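As the structure is a computational prediction, the values presented were derived from the model and not from experiment. By convention here, the first residue in the shown sequence is residue 1.
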Amino acid sequence: MEMDLRIDGYISQMFGPAGADQYITRLLSGFDYQSLEPTNTPQWPGAFFVTTPTIQTRNVPPFIHINGWPAWLVDYQICSSGTVVPQYVWRPNLFDNPPDARRYANASLKMPIFFVHNNKVDLGLNLIRAAAGNCEMLLGARVAAPVGACATMCVRIKWPGYNDLDRQIMTRDQTPDRHTITLEKLAKWVARAVCQFLDEAAQINGRDPAWRIGDGTGIKKEDVNLIGLVQVAQGSWEPILQLDRFIEH
């Protein structure tokens with residue numbers, strides 16, 4: 001069965017159809033999301049690649065080459081292990097913070113980051129294991145994370161029924177040369193930010209019963225997997241999260 005990026009992808013499941021349309025259009029510098037025809041390859045099962053030339057003009061190195069053409073990873077087909085946590089695309093308050101609004105409007109977004117395993121089939125990390133630094137199964141675990149030249153990033157979590165949480169994490173190491181942190185270190189820091197959010201949210205009565213966090217029938221840290229990250233503005237990224245079970249919402 002042919003995969004459909006607008007239905008089967010993590011980004012469409014996370015942001016919903018309208019949010020995914022908005023995000024992909026910005027990501028690909030105005031390329032029409034509805035007319036996008038992603039490419040697949042047997043070497044990367046479940047991955048959606050794009051070959052649009054607008055990415056080349058931004059000097060973004062291709063992820064791979066397919067039949068000699070440069071290709072960029074834009075999304076993955078969702079695996080059937082559980083529900084993807086729905087979130088909305090963050091945007092700054094255009095009236096209260098004009099500098100943020102300008103950065104949002106003018107930012108050229110980095111391609112999404114997916115935590116792919118060495119076998120190129122499995123995807124994502126158990127949140128607790130990742131927060132403990134158990135990320136050695138990641139493909140390119142010790143390669144510099146593709147986050148750009150920034151020294152920090154803001155991780156923005158938009159969990160249904162709870163107030164937003166923003167956490168700043170370092171994307172440079174503490175060596176004299178201040179190298180970009182590795183992919184496994186990025187996964188660790190992001191997982192810790194999400195764990196901190198879940199710990200705090202467990203003390204609050206959420207507004208959406210289906211997405212309640214806490215003991216009993218609530219969602220707990222061990223139920224959550226970190227799939228990847230999407231940049232939504234300059235310096236701002238949202239984690240792609242998936243439960244290990246299905247819920248009605």
Where do Leu127 and Leu198 land on the side-chain contact (heavy atoms from CB on, under 4.5 Å) test, with the steps shown first?
CA-CA 11 Å; Leu127 196 63; Leu198 293 173; 3.5 Å; yes

Charged N-O contact under 4.0 Å between Lys221 and Asp199
yes

For Phe49 and Phe63, take the angle between the two ring planes, folded into 0 to 90°, and tell me which bin it lands in: parallel under 30, tilted 30 to 60, perpendicular over 60.
tilted

Should Lys158 and Glu238 count as an ion pair when the cut-off is N to O under 4.0 Å?
no

For the pair Lys220 and Asp244, find out whether any cationic side-chain nitrogen is under 4.0 Å from an anionic carboxylate oxygen.
no

After noting the C-alpha distance and the side-chain angles of Phe48 and Leu73, does the key distance pass the side-chain contact (heavy atoms from CB on, under 4.5 Å) rule?
CA-CA 6 Å; Phe48 293 104; Leu73 176 63; 5.7 Å; no

Are Val224 and Ile204 in one and the same hydrophobic cluster, where Ile, Leu, Val, Met, Phe, Trp and Tyr link if side-chain heavy atoms are under 4.5 Å apart?
yes

I'd like to know whether the aromatic ring centres of Tyr23 and Phe15 sit less than 6.0 Å apart in this structure.
yes

Ignoring hydrogens and angles, state whether a donor on the side chain of Tyr88 or Asp164 is under 3.5 Å from an acceptor on the partner side chain.
yes

Show, in sequence, the C-alpha distance, side-chain angles and deciding distance for Ile113 and Leu186, and conclude whether the side-chain contact (heavy atoms from CB on, under 4.5 Å) test is met.
CA-CA 10 Å; Ile113 298 172; Leu186 175 66; 4.0 Å; yes

Going from CD1 on Ile227 to OG on Ser81, what distance comes out if it is rounded to the nearest 0.5 angstrom?
6.5 Å

Walk me through whether Arg167 and Gln196 qualify under side-chain contact (heavy atoms from CB on, under 4.5 Å).
CA-CA 9 Å; Arg167 284 289 180 271; Gln196 184 178 8; 2.9 Å; yes

Testing Leu241, Val230, Ile240 one by one against Tyr10 for a side-chain contact (heavy atoms from CB on, under 4.5 Å), which residue passes?
Ile240

